[in-house]
Protein chains: 2
Amino acid sequence: MDDAHRLQYLFQTLGEANRLKIIKFIGDKERSVSEIVEATHLSQPLVSHHLRILRQRDILETKRNGPFIYYKLKDTKLLDALGLFLGIASTPKGKRTMEPMFCCPPWWRKGKKKL
Amino acid sequence: MDDAHRLQYLFQTLGEANRLKIIKFIGDKERSVSEIVEATHLSQPLVSHHLRILRQRDILETKRNGPFIYYKLKDTKLLDALGLFLGIASTPKGKRTMEPMFCCPPWWRKGKKKL
DNA sequence: CTTTTATATAAGTAATCATTTATATAAATG
DNA sequence: CATTTATATAAATGATTACTTATATAAAAG
């Protein structure tokens with residue numbers, strides 16, 4: 001696997017708001033599933049689903065304690081890296097709220113000139 | 001939009017190997033579409049597709065020069081951030097090549113004990 | 001104006017993936 | 001053993017999206 005695919009894999013893992021919420025809540029601590037469910041207001045199966053992905057992808061690791069399973073970050077450097085990207089993500093100039101994705105009705109540019 | 005969604009948006013944009021290849025090839029330079037097509041071995045419509053997304057999402061900006069359209073990074077800090085992430089992405093410990101995603105045949109654990 | 005080169009856009013398709021609903025497992029407790 | 005609590009898994013579904021093929025636009029050249 002080359003660099004691009006390694007990065008793709010990591011970015012796809014982190015490119016999900018609920019997973020990011022979970023990571024942020026866990027921070028540098030250990031958190032049980034029920035704590036995460038409560039903090040994120042997500043359903044328990046959904047939290048488990050995301051936790052499984054984050055663990056499979058080496059973002060999180062687990063420790064069992066009785067009936068509880070505690071998740072924590074495998075590498076807390078991730079938190080710093082997220083902060084760095086958040087700086088980049090914070091729409092510095094163009095101040096567009098979000099991608100247009102449909103900037104124009106379908107009939108727009110029928111007969112217009114410039115591309 | 002909160003932090004998690006801002007990051008999701010950025011990470012989804014970057015979570016695509018071909019887009020990463022394009023970004024890497026552009027680097028801190030200006031590159032025309034045809035240069036990118038040649039360097040990446042992707043079809044021209046596919047390159048245009050990814051370039052449009054990268055421009056809409058404020059990763060790239062464009063400049064026309066005759067029939068050529070040149071793309072460049074809007075913020076070259078992104079290159080450093082990618083380098084940092086590549087360090088995190090480079091499977092340090094678990095040495096699993098890729099996600100199992102199907103670690104077991106469907107009949108596995110029929111009658112087994114431990115979860 | 002016609003052709004050629006450079007780039008963008010559109011429609012269609014297939015695959016991926018987040019989410020929900022329902023169920024299974026595991027540990028603890030009665 | 002039966003019940004409860006904590007967590008995981010499975011199946012089904014809907015939405016998103018990368019990619020291909022085909023076509024449109026724009027600038028330059030003949």
Side-chain angles (χ1 to χ4, degrees), chain A residues 4-5 8-9 11-22 31-38 40-57 60 62-71 99-115, chain B residues 4-5 8-9 11-22 31-38 40-57 60 62-71 99-115:
Chain A
H5 282 89
Q8 165 176 19
Y9 195 61
F11 281 136
Q12 282 178 350
T13 302
L14 299 174
E16 220 290 329
N18 286 332
R19 286 201 278 270
L20 290 168
K21 278 203 256 181
I22 290 172
R31 302 287 203 176
S32 69
V33 178
S34 26
E35 286 174 318
I36 297 170
V37 167
E38 191 190 9
T40 58
H41 304 293
L42 301 173
S43 73
Q44 178 267 314
L46 185 53
V47 167
S48 273
H49 168 71
H50 287 307
L51 289 174
R52 174 158 68 146
I53 290 175
L54 289 170
R55 187 179 37 144
Q56 284 175 332
R57 277 129 131 130
L60 298 180
T62 60
K63 194 181 67 172
R64 175 157 229 153
N65 193 343
F68 300 93
I69 297 187
Y70 290 92
Y71 285 80
E99 179 168 337
M101 203 79 266
F102 33 73
C103 62
C104 330
W107 38 263
W108 188 88
R109 292 214 70 270
K110 291 298 183 195
K112 299 300 189 305
K113 274 299 178 168
K114 285 283 167 192
L115 180 62
Chain B
H5 283 90
Q8 166 175 12
Y9 194 61
F11 286 153
Q12 282 178 351
T13 302
L14 299 174
E16 220 290 327
N18 287 332
R19 287 200 279 269
L20 290 168
K21 278 202 257 181
I22 290 172
R31 301 289 201 176
S32 71
V33 178
S34 25
E35 287 175 317
I36 297 170
V37 167
E38 191 191 8
T40 58
H41 305 292
L42 300 174
S43 73
Q44 177 268 316
L46 185 53
V47 167
S48 274
H49 167 71
H50 286 308
L51 288 174
R52 175 157 68 144
I53 290 175
L54 288 170
R55 186 177 39 141
Q56 284 175 333
R57 274 124 133 130
L60 299 179
T62 61
K63 195 180 65 173
R64 175 157 228 152
N65 193 343
F68 299 95
I69 298 189
Y70 289 92
Y71 285 80
E99 179 168 338
M101 204 79 266
F102 32 74
C103 62
C104 329
W107 38 262
W108 187 88
R109 293 215 71 270
K110 292 296 183 197
K112 300 299 190 305
K113 276 298 179 162
K114 285 282 166 192
L115 181 61

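Naming convention: chains lettered A, B, ... in sequence-line order (proteins, then strands); numbering from 1 in each chain.
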Roughly how many Å is it from CG in Leu14(A) to P in dA18(C), rounded to a whole number? 12 Å
Under a 3.5 Å limit for both distances, which nucleotide forms a Watson-Crick or G-U wobble pair with dC1(C), could you say? dG30(D)
What's the CG-C1' distance between Leu20(B) and dA18(D), to the nearest Å? 14 Å
Please check the phosphate of dA6(C) (OP1 and OP2 only) for any side-chain N or O of Tyr70(B) closer than 4.0 Å. no
The criterion is side chain to side chain donor-acceptor pair (under 3.5 Å); which residues satisfy it with Gln44(B), sequence neighbours excluded? Ser48(B)
Can you tell me how far P of dC19(D) sits from CZ of Arg52(B), to the nearest Å? 15 Å
Which of the following nucleotides, dT7(C), dC19(D), dT7(D), is nearest to the side chain of Ser32(A)? dT7(D)
Interatomic distance, CD@Gln12(A) vs CD1@Ile53(A), rounded to 0.5 Å, equals 11.0 Å
Could you state the atom-to-atom distance from CZ of Phe11(B) to C1' of dA18(C) in whole Å? 18 Å
Quickly work out the His5(A) NE2 to dA18(D) C1' distance and round it to whole Å. 12 Å
With sequence neighbours excluded, residues passing ring-ring contact (aromatic ring centres under 6.0 Å, His included) with Tyr71(A): none
If each of Ser34(B) and Gly15(A) is mapped to the nucleotide of DNA chain C with the nearest heavy atom, which maps nearer the 5' terminus, i.e. the 5' end? Ser34(B)
Which residues share a side-chain contact (heavy atoms from CB on, under 4.5 Å) with Ser43(A), sequence neighbours left out: Pro45(A), Leu46(A)
Ala4(A): which residues meet the side-chain contact (heavy atoms from CB on, under 4.5 Å) condition with it, sequence neighbours left out? Asp2(A), Ala17(B), Leu20(B), Lys21(B)
Strictly below 4.0 Å: does Tyr71(A) bring a side-chain N or O up to OP1 or OP2 of dA6(D)? no
I'd like to know if the side chain of Arg52(B) reaches the main chain of Leu54(B), judged simply by a donor and an acceptor atom lying under 3.5 Å from each other, with no hydrogens or angles considered. no
Tell me the interatomic distance from Phe68(B), atom CZ, to dT4(C), atom P, rounded to whole angstroms. 17 Å
Just how far, in rounded Å, is C1' of dA15(C) from CD of Gln12(A)? 12 Å
Would you say a side-chain N or O of Asn18(A) is under 4.0 Å from OP1 or OP2 of dT19(C)? yes
Quick one: is Arg19(A) getting a side-chain N or O under 4.0 Å of the dA18(C) phosphate, OP1 or OP2? yes
Under the side-chain contact (heavy atoms from CB on, under 4.5 Å) rule, collect the residues that match up with Glu16(B), sequence neighbours excluded. Asn18(B), Arg19(B), His50(B)
dC17(C) phosphate, OP1 or OP2, under 4.0 Å from His49(A) side-chain N/O: no
Return the residues of residues 41-48 of chain B meeting this criterion: a heavy atom under 4.0 Å from some atom of DNA chain D. Order them by number, or give none. Ser43(B), Pro45(B), Leu46(B)
